[in-house]
Asker: 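Dumping the structure here so I can ask a few things about it.
Per chain, numbering begins at 1; letters A, B, ... match sequence-line order.
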Amino acid sequence: MSEPEVTAFQDRVYGALSRIPRGCVTTYARLGQSIGCNSARAVGQALRRNPFAPRVPCHRVIAADLSLGGFSGQREGAALDRKLALLVSEGVVFSEGRLVDPTRLITPPVARCR
DNA sequence: GAGTCATTCGTTG
DNA sequence: CAACGAATGACTC
């Protein structure tokens, strides 16, 4: 073990993600905006590294088009199957690989200054 | 509906 | 300091 030295950005991503209640999901773009970043890619990268997994519920983050997005560093394959299982386990139902209830999409508060 | 393109940000060596 | 890569997003045909 070792404690990964996460930079401020990663800390923000994990912090915002950590404030997401169970049964709720958010998108990379929204999460990025919540932490003050305009790029969903930057958020995805931080999650992809996920030095705090499974501590960080990265499976609660999906793409803007309600698609699963990616998981475990893979955009498709069994990894998504795991992500889907986790989401379904939380009460978030998906259909055809897409979120069935977009109402579960939440907008994380702007984690500006705690 | 599908595919392609563009942009931005963070990370690392 | 510089270069590369990325779990996206949006647009167009």
Asker: Would you find a donor on one side and an acceptor on the other, under 3.5 Å apart, between the side chain of Lys83(A) and the backbone of Ser72(A)?
Answerer: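 Absent.
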Asker: Roughly how many Å is it from CG in Asn50(A) to P in dT11(B), rounded to a whole number?
Answerer: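 Going from Asn50(A) (CG) to dT11(B) (P), I get 13 Å.
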Asker: What nucleotide, of dA7(C), dG10(B), dG9(C), holds the atom closest to the side chain of Cys58(A)?
Answerer: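 Ranking dA7(C), dG10(B), dG9(C) by closest atom to the Cys58(A) side chain puts dA7(C) first.
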Asker: Consider only side-chain heavy atoms of I, L, V, M, F, W and Y, link residues closer than 4.5 Å, and tell whether Leu17(A) and Phe52(A) are in one cluster.
Answerer: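 Yes: a chain of side-chain contacts under 4.5 Å links Leu17(A) to Phe52(A).
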Asker: Calculate the interatomic distance between Leu47(A) atom CG and dT11(B) atom C1'; express it in whole Å.
Answerer: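 Atom CG in Leu47(A) sits about 14 Å away from atom C1' in dT11(B).
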Asker: Locate the shortest heavy-atom distance separating Arg60(A) from Ile20(A); write the atom from each residue and the value.
Answerer: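 Closest approach of Arg60(A) to Ile20(A), heavy atoms only: NH1-O, 2.7 Å.
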Asker: In whole angstrom, give the distance that lies between atom CG of Asn38(A) and atom P of dG10(B).
Answerer: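 After rounding, the gap between these two atoms is 11 Å.
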Asker: Evaluate whether atom CG of Asp65(A) has more than 12 neighbouring non-hydrogen atoms of other residues, nucleotides or ligands under 6.0 angstrom away.
Answerer: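 Correct, the count exceeds 12.
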Asker: Quickly work out the Phe9(A) CZ to dT12(B) C1' distance and round it to whole Å.
Answerer: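 From Phe9(A) CZ to dT12(B) C1': 16 Å.
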Asker: Let's see if you get this right: which residues in residues 67-75 of chain A place a heavy atom under 4.0 Å from DNA chain B?
Answerer: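 Residues of residues 67-75 of chain A that come under 4.0 Å of DNA chain B do not exist, since none gets that close.
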Asker: Watson-Crick or G-U wobble partner for dT4(B), using a 3.5 Å limit on both distances?
Answerer: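 Pairing partner: dA10(C).
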Asker: What is the distance, rounded to the nearest whole Å, between atom CG of Leu105(A) and atom P of dG9(C)?
Answerer: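 Interatomic distance, CG of Leu105(A) to P of dG9(C): 11 Å.
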Asker: With a 4.0 Å cutoff (strictly under), does any side-chain N or O of Arg41(A) reach OP1 or OP2 of dA6(B)?
Answerer: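 No, no such contact exists.
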Asker: When you measure from the side chain of Arg55(A) to the backbone N and O of Tyr14(A), does any donor-acceptor pair fall under 3.5 Å?
Answerer: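 No.
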Asker: Could you pull out the closest heavy-atom pair between Phe9(A) and Cys37(A), with the gap in Å?
Answerer: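 Heavy-atom minimum between the residues: CE1-SG, 3.6 Å.
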Asker: Can you tell me how far P of dC9(B) sits from CZ of Arg48(A), to the nearest Å?
Answerer: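 Computing the Arg48(A):CZ to dC9(B):P distance gives 20 Å.
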Asker: Out of dA7(C), dC9(B), dA10(C), which has the shortest distance to the side chain of Ala64(A)?
Answerer: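 For Ala64(A), the side-chain atoms sit closest to dA10(C).
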Asker: Could you state the CG-P distance from Asp65(A) to dG3(B), rounded to the nearest angstrom?
Answerer: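 Those two atoms, CG and P, are 13 Å apart.
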Asker: Could you check how far OH of Tyr28(A) sits from P of dA10(C), rounded to whole Å?
Answerer: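 Value for this atom pair: 15 Å.
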Asker: Find the distance between CG (Leu80(A)) and CZ (Phe94(A)) and round it off to the nearest 0.5 Å.
Answerer: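 The CG atom of Leu80(A) sits 10.5 Å away from the CZ atom of Phe94(A).
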